[in-house]
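Atoms within each ligand, like the ligands themselves, are counted from 1 in listed order.
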Amino acid sequence: MSTAPETTIFATMTALAQETGAINLGQGFPDEDGPPEVVEAAVAALRSGSANQYAPLAGVPALVDAVRDHQRRRYGLEPEDVQVTFGATEALAAAMLGLLRPGDEVVALEPVYDSYAAIATMAGATLRRVALHPPRWRLDADELRAAVGPRTRVLLLNSPHNPTGRVLDRGELEAVAGVCREHDLVAVTDEVYEHLVFDGEHVPLATLDGMAERTLAISSVGKTYSFTGWKVGWCSGPAELVAAVRGAKQFLSFSGGTPLQHAAAAALALGDEVPARLVEQLRARRDRLAAGLHEAGFGVLPCEGTYFLTADAAPLGHDDARELCLRLPREAGVVAIPVAAFVADPAGETRALLRFAFCKREPVLAEAVERLAAWAGR
Ligand code: PMP
Ligand code: GLN
């Protein structure tokens with residue numbers, strides 16, 4: 001990149017929330033900690049006298065084993081190798097740097113999570129976008145095929161999808177898998193919301209026919225266990241793909257966060273109960289926010305998973321969500337993120353859409369919707 005990239009929309013909007021004292025439904029992070037026993041595992045590791053130095057490059061063995069075990073137990077997958085990273089963010093960056101060559105193309109769903117275009121650029125590659133169209137955010141197989149060309153090397157799939165809350169169904173995933181097999185693409189799957197599904201089911205792409213051998217699966221401890229600030233992530237899959245990540249990652253950060261890696265292993269060892277409870281909680285919060293936004297006069301789009309709900313400000317007479325999101329903190333006391341921040345053409349079909357995070361305590365959401373209703377004059 002020849003010029004410094006802009007600050008991410010998330011950091012910008014969180015700064016605006018801090019400046020104005022508005023309720024922050026922008027950047028996606030919970031306002032409650034994850035399980036106390038996981039915090040205790042971190043404290044114990046910090047105090048153990050043997051977990052405060054560099055971790056092995058691949059990650060601490062307990063976490064590497066826990067990730068393998070998770071993939072096997074939940075999905076029946078047997079990854080050849082695992083690499084621990086500083087959040088999914090580093091896994092994504094290292095994957096692009098390790099797998100792409102200058103001039104290659106990478107295909108991703110639009111709206112596209114903000115780091116994807118940046119890391120494709122850092123790798124000298126070009127991002128090709130396949131639109132999920134509002135309001136249903138379904139993937140059109142023909143549009144997907146049209147985005148793939150002779151230079152495409154990687155298909156970067158995010159489902160459950162940020163910012164739309166869409167969870168791709170098996171039919172859509174079969175289409176993705178078909179394109180990967182036909183064009184001999186590597187699939188990189190960003191599955192950080194794998195456990196946060198309220199309707200339908202998360203099907204990892206690697207579980208589809210012929211996909212385990214070409215899929216690098218990425219996830220992290222942040223969303224599943226409500227520790228977004230810990231930045232412990234991982235990828236797993238075929239040895240060759242994991243080696244490509246490791247090769248890049250060793251020169252990005254080498255290895256560290258050792259005590260938190262031990263704690264992440266303890267989190268994964270808690271099994272499925274913790275995310276299952278979180279899903280129940282988040283489903284109720286999604287419904288609360290959806291009802292409140294609807295009452296305030298927004299159009300509410302469907303959401304099947306993640307932390308996020310998208311809403312349409314057009315029924316309230318606002319066509320430019322970017323401009324609206326800059327005004328809302330002061331006018332309404334609420335921060336949201338414009339969906340247009342995730343697309344190439346901000347004047348297109350997402351221009352009036354806002355993303356609201358509902359990973360907040362119920363009274364916070366209640367206050368936010370009350371403020372929005374008052375602002376909308378309802
Ligand atoms: N991918 C998506 C789709 C995300 O929403 C996020 C947000 N945290 C990340 C990756 C980054 O995950 P981490 O915090 O583990 O780096
Ligand atoms: N994933 C979070 C979100 O979408 C933000 C993470 C970040 O700030 N980069 O809101």
Side-chain angles (χ1 to χ4, degrees), residues 5-18 24-31 34 59 63 67 83-96 106 108-120 127 132 137 156-168 188-197 202 205 216-236 245 249 252-253 257 260-261 263-264 267-268 282 303-310 325 335-343 354-360:
E6 283 175 29
T7 306
T8 82
I9 183 77
F10 308 116
T12 303
M13 296 311 284
T14 288
L16 194 55
Q18 279 159 359
N24 190 358
L25 305 187
Q27 192 178 29
F29 58 88
D31 57 0
L63 180 53
V67 171
Q83 173 63 50
V84 174
T85 55
F86 276 96
T89 304
E90 190 190 46
L92 286 160
M96 295 307 114
V106 47
L109 305 180
E110 183 181 80
V112 59
Y113 182 61
D114 72 336
S115 81
Y116 296 4
I119 58 183
L127 184 71
L132 301 177
W137 304 117
L156 174 46
L157 184 76
N158 174 218
S159 178
H161 183 258
N162 178 6
T164 65
R166 192 64 225 297
V167 180
L168 295 196
V188 175
T189 57
D190 178 348
E191 303 182 51
V192 296
Y193 300 100
E194 61 186 323
H195 293 288
L196 306 189
V197 175
H202 171 60
L205 192 64
L216 181 77
I218 294 176
S219 194
S220 75
V221 79
K223 325 292 172 183
T224 306
Y225 296 97
S226 309
F227 292 113
T228 61
W230 282 16
K231 284 282 173 180
V232 179
W234 50 81
C235 63
S236 63
V245 171
K249 186 256 187 307
L252 294 175
S253 59
L260 296 181
Q261 289 195 31
L268 283 166
L282 285 172
C303 153
E304 296 156 341
T306 76
Y307 283 163
F308 308 114
L309 186 66
T310 50
C325 285
V335 168
I337 303 260
V339 175
F342 303 82
V343 305
L354 295 81
R355 188 196 81 172
F356 290 92
F358 52 81
C359 47
K360 307 291 177 182

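- Assignment of Tyr113 to the shell around ligand 2 is supported, since a heavy atom sits closer than 4.0 Å.
- Looking only at side-chain heavy atoms (C-beta outward), Asn162 and Asn158 come within less than 4.5 Å of each other.
- Every atom of ligand 1 with a heavy atom of Lys231 under 4.0 Å away is listed here by number and element: 13 (P), 14 (O), 16 (O).
- Residue Gly28 places at least one N or O, backbone or side chain, under 3.5 Å from an N or O of ligand 2.
- Some N or O of Ser220 is nearer than 3.5 Å to an N or O of ligand 1, by distance alone.
- Using a 4.0 Å cut-off to heavy atoms of Asn162, the atoms of ligand 1 that qualify are 3 (C), 4 (C), 5 (O).
- Neither the backbone nor the side chain of Tyr307 comes within 4.0 Å of ligand 2, counting heavy atoms alone.
- Taking the centre and axis of the six-membered ring of Phe29, the NZ or CZ atom of Lys360 falls inside the cone set by 45° and 6.0 Å.
- Atoms of ligand 1 lying under 4.0 Å from at least one heavy atom of Lys223, given by number and element, are 6 (C), 7 (C), 8 (N).
- Side chain to side chain, Glu191 and Ser219 fail the donor-acceptor criterion of an N or O pair below 3.5 Å.
- Using a non-hydrogen distance threshold of 4.0 Å, Tyr307 does not register as a contact of ligand 1.
- Below 3.5 Å of separation, one finds no N or O of Asn158 facing any N or O of ligand 1.
- The protein heavy atom nearest to atom 7 (C) of ligand 2 is Phe10 CD1, 3.6 Å.
- Every atom of ligand 2 is numbered from 1 in the order shown, and the set under 4.0 Å from a heavy atom of Lys223 is 1 (N).
- There is a side-chain donor-acceptor pair under 3.5 Å between Glu90 and Ser253.
- Side-chain contact check for Trp137 versus Thr310: some heavy-atom pair is nearer than 4.5 Å.
- Glu304 contributes a side-chain N or O that, together with a main-chain N or O of Val167, makes up a donor-acceptor pair within less than 3.5 Å.
- The closest approach between a heavy atom of Phe29 and any atom of ligand 2 is not below 4.0 Å.
- Two residues are said to be in side-chain contact when any heavy atoms from C-beta on lie closer than 4.5 Å; Leu196 and Leu282 meet this criterion.
- No part of His161 comes within 4.0 Å of ligand 1, judged by heavy-atom distances.
- The nearest protein atom to atom 12 (O) of ligand 1, hydrogens excluded, is given as Ala88 CB, 3.5 Å; this is a heavy-atom distance.
- Of the listed options Val221, Asp190, Thr89, Val112, Asp190 places a heavy atom closest to atom 10 (C) of ligand 1.
- Under 4.0 angstrom from ligand 2, the non-hydrogen atoms of Asn162 all belong to its side chain.
- You'll find the side chain of Leu156 reaches within 4.5 Å of the side chain of Leu92, heavy atoms only.
- Residue contacts with ligand 2: Asp114 is placed with no nitrogen or oxygen under 3.5 Å of a nitrogen or oxygen of the ligand (distance criterion only).
- For Thr8, the closest heavy-atom approach to ligand 2 does not fall below 4.0 Å.
- By the criterion of a heavy-atom distance under 4.0 Å, neither the backbone nor the side chain of Glu90 is placed next to ligand 1.
- Short contacts between ligand 2 and Gln27, defined as distances under 4.0 Å to a heavy atom of the residue, involve ligand atoms 5 (C), 7 (C), 8 (O), 10 (O).
- Polar contact check, Val192 against ligand 1: no nitrogen or oxygen pair lies under 3.5 Å apart.
- Relative orientation of the Trp230 and Phe227 rings is parallel, given thresholds of 30° and 60° on the angle between their planes.
- The side-chain heavy atoms of Val67 and Leu268, taken from C-beta on, include a pair separated by under 4.5 Å.
- Aromatic pair Tyr193/Tyr307: ring centres closer than 6.0 Å.
- A donor-acceptor contact under 3.5 angstrom links the side chains of Lys231 and Thr89, judged on distance only.
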